[in-house]
Amino acid sequence: MSKKYPINELILKEMKRHGMRPPDLARRLGLSVSTTYYLLSRNTIQVDRLRQICRILNTNFFQILADQMNMDNDSEAFKDEEKEALKAENETLKSVIRMLGGK
């Protein structure tokens, strides 16, 4: 399973891949450099701001986040299936014990 990253870390990784520094992003967003550093220090972001960053970096962070959520859901589904299998196995063992004269 791939590692999950907070949105600010995803943005910073993509900026690095593009050779973009926070002052460059600030200029493209029309924000001050200090505001941009603050934005990049937080692990939450407004949807409209993220949409702007997606366009600037040509990266669909919404899809990346959705993929992370699906991995979580798949993992939970697997746990549920595993629990059901264990319950069925438990019932089978109880039946065998009863057949052998146990309680």
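Note that the structure is predicted; figures quoted are calculated from it, not measured. Heavy-atom basis, side chains included; hydrogens, waters and symmetry copies ignored.
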Close side-chain approach of Lys16 and Lys13, heavy atoms under 4.5 Å: no
Euclidean distance, Arg17 CZ relative to Leu57 CG, rounded to 0.5 Å: 9.0 Å
Within-4.5 Å side-chain heavy-atom neighbours: Leu29 and Thr35: no
Pairwise side-chain contact, Leu40 with Leu25, heavy-atom cut-off 4.5 Å (strictly under): yes
Donor + acceptor pair across side chains of Arg55, Gln52 (<3.5 Å): no
Close side-chain approach of His18 and Thr59, heavy atoms under 4.5 Å: yes
Between CD1 on residue Ile11 and CG on residue Asn8, distance to nearest 0.5 Å: 7.0 Å
Heavy-atom check, side chain of Arg42 versus side chain of Pro6, under 4.5 Å: no
Contact check, side chains of Ser32 and Tyr37, non-hydrogen atoms, under 4.5 Å: no
Over all atoms of both residues, closest heavy-atom pair of Thr36 and Ala26: OG1-CB, 3.0 Å
Members sharing Tyr38's hydrophobic cluster (side chains within less than 4.5 Å): none
Nearest-0.5 Å distance, CZ of residue Arg27 to CZ of residue Arg21: 9.0 Å
Test item: Ile53 and Glu14 side chains (from C-beta on) under 4.5 Å apart, heavy atoms: no
Heavy-atom pair with the smallest gap, counting every atom of Phe61 and Ile7: CB-CD1, 3.9 Å
Single-linkage hydrophobic cluster, 4.5 Å side-chain cutoff, Leu39 and Phe62 together: yes
